[in-house]
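These notes are about the structure you will find just below.
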Amino acid sequence: MTRLSSFTAGARDTLPMVIGAAPFGVIFGTLVAAGPLAAWQGQLMSLSVFAGSSQFIALGLVAGHAGLAVIWLTTLIVNLRHALYAATLLPHVAHLPARWRWTLGFFLTDETFAVMAGYYARHPRAPLGHWYFLGSCLSMYANWQLWTLVGLLFGAAFPQLQSLGLDFAMVATFIAIVVPQLASLPHFAAAVAAGVVAYLGQDIPYKLGLMAAVVAGVTVGMALRRWRAGGLKEEAA
Amino acid sequence: MTGTVLINTVMILGMAAVTVFVKAALFVLGDRVVFPPSLKQALGFVPVTVLTAIIVPMILSPNGQGLELTWRNPQLVGALAAVLVCVATGKQLLTIAVALGTFFAWQLGVLA
């Protein structure tokens with residue numbers, strides 16, 4: 001495994017996500033072109049913020065004349081889940097030079113987190129894992145920039161993009177990553193709890209339903225693990 | 001720059017600063033962050049919970065209009081195919097390929 005082959009493998013394994021994100025990039029660009037922001041500002045947002053949900057929400061808030069503080073606070077809340085991703089992946093990147101940690105942090109997305117969670121589950125001590133990580137990051141980034149630009153320039157030409165269902169590529173990939181990790185009862189129960197709460201809370205704004213789902217899932221998983229560990233101790237005693 | 005353009009540029013750069021902080025702060029702290037063992041254990045549940053939480057609403061109510069527990073929901077049929085293939089074979093690429101094939105066959109063929 002060389003740096004290049006690791007990098008390319010990361011980009012390759014992210015491909016279904018890249019396809020899934022493409023229509024959202026176009027839709028984002030289209031909304032910018034139709035709204036109060038200048039076209040270059042839409043591209044600037046994709047280049048510098050690089051977090052799809054918060055970009056869409058910001059467009060809505062700008063159109064509704066929200067103040068800067070509201071927009072920034074909303075951005076913080078909507079993107080809070082990334083801190084959880086960083087905490088989860090930290091053991092695999094803590095040893096890297098600071099420039100690597102800044103870079104991988106900046107480029108972190110839902111999709112790359114999913115790919116990396118699957119990768120580190122299969123290769124917990126891969127010495128070139130950060131090149132794989134970078135490959136996943138840069139393919140998502142280049143893709144988001146390209147489709148934002150396409151949306152800005154030609155968005156009006158693709159009115160029916162959302163109905164194609166390309167985002168199902170993301171669903172399929174997430175299933176392929178999650179299912180192998182459900183082998184233990186605590187993990188299985190954690191996923192079920194998270195799914196139920198996410199479904200019930202899907203209309204809660206600012207992705208707070210998602211955060212509630214994670215809290216519920218982790219709590220159930222931890223409780224089951226403690227209960228099982230307690231049971232084992234009693235048997236041993 | 002007019003006033004509005006300037007304010008919107010400041011808004012975007014502020015969003016970028018907030019987002020970089022949320023995403024990169026823990027990575028940048030690196031070894032200086034030490035999690036207690038129970039928190040490490042809790043973080044071990046994050047991948048399965050967050051990934052499941054993201055996709056379940058996309059599968060069960062793909063149009064955001066209530067539960068669609070029916071064979072006419074291509075997201076649901078495709079997701080069931082993915083779970084079956086993944087449990088049976090454990091092969092990631094095959095899972096994705098079969099799921100996408102089922103989904104588009106359903107959407108373009110069966111339901112069309």
Side-chain angles (χ1 to χ4, degrees), chain A residues 16 37-38 41 44-45 48-49 51 54 58 62 68 71-72 75-76 79-84 86-88 90 93-94 98 101-102 104-106 108 110 114 117 165 167-169 171-182 187 190-191 194-195 198-199 202 210 213-214 217-218 221-222, chain B residues 4-5 7-16 18-20 22-28 30-31 33 35 38 40-62 64 67 74-75 78-79 82-83 86-87 90 92-93 95-96 99-100 103-104 107:
Chain A
L37 292 186
Q41 290 178 316
L44 177 68
M45 199 190 280
S48 66
V49 180
S54 63
V62 171
L68 286 184
I71 296 178
W72 291 339
T75 306
L76 178 74
N79 286 334
L80 214 49
R81 64 191 190 284
H82 294 90
L84 214 52
T88 308
L90 183 59
V93 303
R101 286 180 278 127
W102 274 106
L104 297 178
F106 173 80
L108 199 54
D110 297 313
D167 52 331
F168 185 75
V171 175
T173 313
F174 279 22
I175 290 174
I177 291 168
V178 167
V179 168
Q181 298 188 41
L182 298 181
H187 282 88
Y199 175 77
Q202 59 182 313
L210 181 67
V214 174
V218 170
M222 288 292 280
Chain B
T4 322
V5 176
I7 287 179
N8 283 336
T9 306
V10 170
M11 179 271 291
I12 292 167
L13 296 179
M15 282 179 69
V18 169
T19 307
V20 171
V22 174
K23 286 183 180 180
L26 283 172
F27 275 11
V28 171
D31 283 329
V33 189
F35 295 131
S38 61
K40 271 189 205 164
Q41 236 178 30
L43 289 172
F45 287 102
V46 167
V48 294
T49 53
V50 77
L51 300 180
T52 307
I54 289 175
I55 60 175
V56 163
M58 296 170 78
I59 296 168
L60 294 184
S61 44
L67 190 61
Q75 271 85 359
V83 171
C86 200
V87 169
Q92 202 174 12
L93 262 185
T95 300
I96 297 168
L100 283 177
F103 173 78
F104 284 111
Q107 202 173 35

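Predicted model only: the values in this text are computed from it and were never measured. The sequence lines fix the lettering, A, B, ..., with proteins before strands; numbering per chain opens at 1.
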Practice item. Please test A:Gln202 against B:Val56 for side-chain contact (heavy atoms from CB on, under 4.5 Å), starting from the C-alpha separation and ending with a verdict. Key: CA-CA 10 Å; A:Gln202 59 182 313; B:Val56 163; over 6 Å; no
[X], part contacting chain B, at a heavy-atom distance under 4.5 Å:
X: A:Val218; result: both
X: A:Gln181; result: both
X: A:Ala98; result: neither
X: A:Val214; result: both
X: A:Leu68; result: side chain
X: A:Ala114; result: both
X: A:Ala117; result: side chain

Donor-acceptor pair, distance only, cut-off 3.5 Å: does the side chain of [X] make one with the backbone of [Y]?
X: A:Tyr199; Y: B:Leu67; answer: yes
X: A:Trp102; Y: B:Ala24; answer: no
X: B:Lys23; Y: A:Leu108; answer: yes

Which atoms of [X] approach chain A - backbone, side chain, both or neither, heavy atom under 4.5 Å:
X: B:Thr95; value: side chain
X: B:Met58; value: side chain
X: B:Ile59; value: side chain
X: B:Val20; value: side chain
X: B:Gln92; value: both

Point to revise | Closest heavy-atom pair and its distance - B:Leu43, A:Thr88 | key: O-CG2, 3.7 Å
Practice item. Specify which of B:Ile54, B:Leu13, B:Leu60, B:Thr4 makes the most heavy-atom pairs with chain A at under 4.5 Å. Key: B:Ile54
Review point. Is any side-chain heavy atom of A:Arg81 less than 4.5 Å from a side-chain heavy atom of B:Val22?
Key: no
Review point. Heavy-atom distance under 4.5 Å between the side chains of B:Val18 and A:Asn79, does that happen here?
Key: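 B:Val18 vs A:Asn79: side chains apart.
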Practice item. Step by step, work out the side-chain contact (heavy atoms from CB on, under 4.5 Å) result for A:Leu84 and B:Val50. Key: CA-CA 9 Å; A:Leu84 214 52; B:Val50 77; 5.8 Å; no
Check your understanding: Can you check side-chain contact (heavy atoms from CB on, under 4.5 Å) on A:Val171 and B:Gln75, steps first, answer last?
Key -> CA-CA 8 Å; A:Val171 175; B:Gln75 271 85 359; 5.7 Å; no
